[in-house]
J.: 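The structure is given below, and queries will be raised subsequently.
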Protein chains: 2
Amino acid sequence: MARVRISDVAAAAGVSTSTVSLVLNDRATRISQETRERVREAAAAVGYTPNPIARGLRTQRTRTIGLVSDEIATTPFAGRMLAGAQDAARENAHLLFLVDTGADRAVEQEAIRALVDQQVDAIIYACMWHRVVEPPAGLPPRSVFLDCRPASGGHPAVVPDELAGGRSAVRELVAAGHRRIAWVDVEEQDPPVASELRHRGYLDVLDEAGIVPDPAWHVRGVGSAAGGRGAAERLLDLPADRRPTAFFCFNDRMAAGVYVAARHRGLEIPRDISVVGYDDQQLVAGEVDPPLTTIALPHEEMGRWAVEVALGVREAPEPDPTHLMPCPMVHRDSVSSPPAAAANSGRRRA
Amino acid sequence: MARVRISDVAAAAGVSTSTVSLVLNDRATRISQETRERVREAAAAVGYTPNPIARGLRTQRTRTIGLVSDEIATTPFAGRMLAGAQDAARENAHLLFLVDTGADRAVEQEAIRALVDQQVDAIIYACMWHRVVEPPAGLPPRSVFLDCRPASGGHPAVVPDELAGGRSAVRELVAAGHRRIAWVDVEEQDPPVASELRHRGYLDVLDEAGIVPDPAWHVRGVGSAAGGRGAAERLLDLPADRRPTAFFCFNDRMAAGVYVAARHRGLEIPRDISVVGYDDQQLVAGEVDPPLTTIALPHEEMGRWAVEVALGVREAPEPDPTHLMPCPMVHRDSVSSPPAAAANSGRRRA
DNA sequence: AGACTGCAGTCAATCGATTTACCACGCCGT
DNA sequence: ACGGCGTGGTAAATCGATTGACTGCAGTCT
């Protein structure tokens with residue numbers, strides 16, 4: 001059966017197509033109440049929904065938005081970010097174009113051109129890792145950066161508040177009584193936005209607590225379980241009075257590596273050492289034994305924020321249009337007080 | 001700057017818009033070679049790209065496809081499936097609409113209506129878990145089912161070949177010399193398509209190898225590490241002559257639970273017991289210690305297949321248009337020969 | 001009476017392409 | 001001289017909506 005067109009509604013209601021359009025778009029200032037109802041009933045009766053293509057041609061607005069992402073494939077975060085974006089789009093009666101560029105700059109350019117051609121109402125430029133990016137050419141004014149921020153500014157952006165996240169992680173450990181707290185960092189992030197901010201949070205809180213960090217407490221490894229394990233082993237090799245009782249890890253996978261290292265030395269978590277991760281990857285943080293206390297990346301909320309700002313239903317902050325999204329702490333079972341022997345033996349500030 | 005329209009090209013080339021359209025769409029049987037070149041040059045010079053909205057209105061084809069999925073959020077598989085679909089779409093010059101319905105039937109209906117209104121050229125109906133579904137109403141003829149199959153048939157579908165996957169997993173264990181092989185099943189999958197097929201594969205191979213399965217070897221648990229651990233403990237409690245030396249697990253998370261159970265009894269993998277998982281979840285299979293041998297779900301290939309069939313660049317099989325995508329084995333380090341004492345002590349068929 | 005003002009709708013142009021039907025021209029054959 | 005035919009291209013209709021300009025009519029004011 002052929003699509004129902006506006007002229008079918010017009011015929012059924014005994015009016016012109018103009019009238020139908022005016023009524024259904026609530027621009028009907030000059031149409032009588034009685035006619036309006038007749039039109040609405042006719043539209044419902046014949047099951048009319050406007051053709052978005054035709055409407056788009058005329059109005060230059062398509063009720064679609066494009067989401068360009070460097071890679072949805074290789075990270076398990078993608079889902080929540082897309083889900084947040086997609087939900088916000090749906091709630092605002094928009095459809096979402098998804099393009100995964102595979103981090104290929106040429107594909108990215110091509111995608112943006114295609115989306116602009118399609119007359120999307122806005123573009124979300126999403127990264128799967130928090131970083132600073134050189135914005136691609138041809139981005140329309142209504143563009144929002146998601147989990148990244150444009151080097152040149154000029155567009156709204158939303159990123160996790162890594163600094164605050166780092167602070168809450170370390171505060172949690174300090175509050176539990178730890179004073180020798182390691183920072184199990186990731187190496188070669190490029191650029192190291194997340195790593196540096198979390199590190200600053202770490203330093204802030206130590207300072208606040210009057211703890212002078214031992215440089216040996218800052219170790220690095222690749223961002224996997226293996227990397228975390230290696231880094232943890234170096235820390236556990238430290239002499240007893242310098243060996244950390246708590247580990248703040250760049251991500252959950254590295255934290256899982258810390259678990260492995262600890263187990264190999266017969267150390268029990270959280271009895272002997274406490275661990276805090278970052279990311280809240282369900283598959284890792286929720287499944288290790290004991291479940292990992294960690295800082296969640298607010299991917300869903302960021303996805304939603306980006307779309308809402310892009311569609312204008314939410315305002316970007318002024319004057320810096322970058323929103324820092326809080327990273328909530330997820331309490332599980334990997335943190336407790338340090339062993340009695342170690343408590344209060346941290347190095348105090350002079 | 002305003003968009004370049006076809007009339008701008010026509011003006012630049014000194015011809016009519018009809019001619020431009022004919023030339024650029026290669027329908028120019030009646031246009032001289034010379035004119036064609038002039039038109040192409042003019043188009044390139046002014047940087048013309050056709051307006052897909054206008055074209056879509058006229059041709060009723062939009063070069064877009066819709067992907068409706070029950071939930072991209074809660075599973076880390078989504079990425080690869082979307083990536084495959086998205087790549088195939090891009091290669092065929094199509095754009096992909098993504099809709100996540102959150103498994104809400106009403107949202108799903110609404111989404112399909114919206115996509116049909118948008119005149120997408122095809123719809124991919126994707127599930128995040130292999131299952132049989134009641135197809136929603138209003139699906140256009142050019143629809144393809146991804147990781148699910150319609151109860152009523154009638155549409156192309158692509159699903160993992162779970163039966164063959166189950167077989168290769170168990171064959172791997174049999175080939176290593178195991179004869180007491182457990183099936184660590186998931187409980188309450190609804191409907192249990194994947195579980196049953198893998199189980200049949202398990203039974204097939206045991207039969208093939210002349211092994212009579214002990215009913216106690218079939219245990220169930222929720223599909224998480226905790227579930228796998230609980231199930232494994234029941235197996236390890238069996239008397240020594242019935243206790244399995246190998247564990248085929250419904251998924252990698254459950255396999256990780258088997259690791260935990262084994263460790264708690266001082267058993268080493270793969271020296272004391274061998275384990276094979278399913279899914280090849282990077283975050284789990286690649287990160288546990290030792291890395292897990294498992295069967296990969298071919299999500300990327302399935303996503304690609306679905307789009308290619310939807311766009312007609314690939315044919316669906318006949319007469320049953322359901323394609324079984326092979327699940328490749330991923331060899332890691334969790335399988336070896338059984339301990340000498342246990343070898344060859346499985347129960348033989350009468 | 002004539003001009004003016006609202007009211008209730010409608011006409012027709014428009015968005016930017018595609019495509020069918022037609023036209024102008026030159027040449028050929030009879 | 002005239003019909004027929006091939007060539008090369010164009011005019012105009014069309015897709016399905018939106019929207020600014022306009023019309024017809026009744027009542028009001030001067």
Side-chain angles (χ1 to χ4, degrees), chain A residues 1-40 42-43 46-64 93 113-114 116-121, chain B residues 1-40 42-43 46-64 93 113-114 116-121:
Chain A
M1 56 185 170
R3 288 180 62 95
V4 177
R5 297 189 310 285
I6 196 172
S7 58
D8 298 324
V9 178
V15 295
S16 71
T17 61
S18 317
T19 304
V20 176
S21 173
L22 259 12
V23 170
L24 297 184
N25 290 295
D26 278 326
R27 241 180 277 290
T29 46
R30 333 180 52 72
I31 309 294
S32 72
Q33 193 58 43
E34 189 196 1
T35 305
R36 289 187 209 189
E37 274 162 27
R38 222 171 56 245
V39 168
R40 277 193 237 281
V46 299
Y48 171 69
T49 53
N51 180 327
I53 306 286
R55 168 186 277 172
L57 179 60
R58 182 66 236 254
T59 62
Q60 311 287 16
R61 306 198 55 247
T62 52
R63 298 184 157 278
T64 60
R113 212 197 38 62
V116 170
D117 273 359
Q118 279 285 346
Q119 294 177 200
V120 294
D121 294 346
Chain B
M1 54 182 172
R3 288 179 64 93
V4 177
R5 296 188 311 285
I6 195 172
S7 58
D8 299 324
V9 178
V15 295
S16 71
T17 61
S18 317
T19 303
V20 175
S21 173
L22 259 13
V23 169
L24 297 184
N25 291 294
D26 277 325
R27 240 181 276 289
T29 47
R30 332 181 49 74
I31 309 293
S32 71
Q33 193 58 41
E34 187 196 0
T35 306
R36 288 187 210 191
E37 274 162 29
R38 221 171 56 245
V39 168
R40 277 194 237 279
V46 299
Y48 171 70
T49 54
N51 180 327
I53 306 287
R55 168 186 277 174
L57 180 59
R58 181 66 234 250
T59 62
Q60 311 287 15
R61 306 198 56 247
T62 51
R63 298 185 157 277
T64 59
R113 211 196 40 63
V116 170
D117 274 358
Q118 279 286 346
Q119 294 177 200
V120 294
D121 294 346

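Quick caveat, the model's predicted, so the values are computed rather than measured. Each chain gets a letter, A, B and so on, in the order the sequences are listed, and its residues count up from 1. Basis for what follows: all heavy atoms, side chains included, without hydrogens, waters or symmetry-related copies.
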J.: Would the distance check show the side chain of B/T17 and the main-chain N or O of B/I6 forming a donor-acceptor pair, the cut-off being under 3.5 Å?
T.: no
J.: Would you indicate, yes or no, if D/dT10 has its OP1 or OP2 atom less than 4.0 angstrom from a side-chain nitrogen or oxygen of B/T19?
T.: yes
J.: Would you mind classifying the nucleic acid contact of A/L22 as base, sugar-phosphate or nothing, using non-hydrogen atoms under 4.0 angstrom?
T.: base
J.: How many whole angstroms separate atom CD1 of B/I31 from atom P of C/dT20?
T.: 14 Å
J.: Under 4.0 Å between a side-chain N/O of B/R55 and OP1 or OP2 of C/dG16, yes or no?
T.: no
J.: Check the distance between C/dT14's C1' and A/L57's CG and give it to me in whole angstrom.
T.: 8 Å
J.: Of the options C/dA17, C/dT19, D/dG8, whose atoms approach the side-chain atoms of B/P50 most closely?
T.: C/dA17
J.: Figure out the CG/P separation between B/N25 and C/dT18, and round it to whole Å.
T.: 5 Å
J.: Quick check: does any side chain N or O of B/T59 sit under 3.5 Å from a backbone N or O of B/R55, one acting as donor and the other as acceptor?
T.: yes
J.: Once you round it to whole Å, what is the distance between P of D/dG8 and CZ of B/R38?
T.: 13 Å
J.: Quick check for you: to the nearest 0.5 Å, what is the distance between B/N25 atom CG and B/S21 atom OG?
T.: 4.5 Å
J.: Under 4.0 Å: is that the gap between some side-chain N or O of B/R27 and OP1 or OP2 of C/dT18?
T.: no
J.: How close or far is atom P of C/dA12 from atom CZ of A/R58, stated in whole angstroms?
T.: 16 Å
J.: For C/dT14 and A/Q60 - does any side-chain N or O of the residue sit under 4.0 Å from the phosphate oxygens OP1/OP2?
T.: no
J.: Near DNA chain C, under 4.0 Å by heavy atom, which residues of residues 6-15 of chain B?
T.: B/I6
J.: The side chain of B/S18 is closest to which nucleotide in this list: D/dA17, D/dA12, D/dT19?
T.: D/dA12
J.: Is there a side-chain contact between B/Y48 and the phosphate of C/dA17, meaning an N or O under 4.0 Å from OP1 or OP2?
T.: yes
J.: In whole angstrom, what separates A/D26's CG from D/dT19's P?
T.: 13 Å
J.: Between the side chains of A/D8 and A/R3, is the shortest nitrogen-to-carboxylate-oxygen separation below 4.0 Å, so that they form an ion pair?
T.: no
J.: Quick one: is B/S16 getting a side-chain N or O under 4.0 Å of the D/dA11 phosphate, OP1 or OP2?
T.: no
J.: Check if the side chain of B/R30 and the base of D/dG9 share a donor-acceptor pair of N or O atoms closer than 3.5 Å.
T.: yes
J.: If you only use heavy atoms from C-beta on, which nucleotide in C/dG16, C/dT10, D/dA17 is closest to the side chain of B/N51?
T.: C/dG16
J.: Using every non-hydrogen atom in the two residues, find where B/N51 and A/D117 come nearest and quote the distance to one decimal.
T.: OD1-O, 4.3 Å
J.: Has A/S21 got a side-chain N or O lying under 4.0 Å from the OP1 or OP2 atom of D/dT18?
T.: yes
J.: Think A/T35 has a side-chain N or O under 4.0 angstrom from the OP1 or OP2 of C/dG9?
T.: yes
J.: Please report the shortest heavy-atom distance between B/Q118 and A/T62, naming the atom on each side.
T.: NE2-O, 4.0 Å
J.: Any idea which heavy atoms bring B/V15 and B/V20 closest together, and the distance?
T.: CG2-CG2, 3.8 Å
J.: Rounding to an integer number of Å, can you tell me how far B/L24 CG sits from C/dT18 P?
T.: 8 Å
J.: Short question: side chain of A/R36, backbone of A/V23 - any donor-acceptor pair under 3.5 Å?
T.: no
J.: Tell me: CZ of B/R61 to P of C/dA17, nearest whole Å?
T.: 18 Å
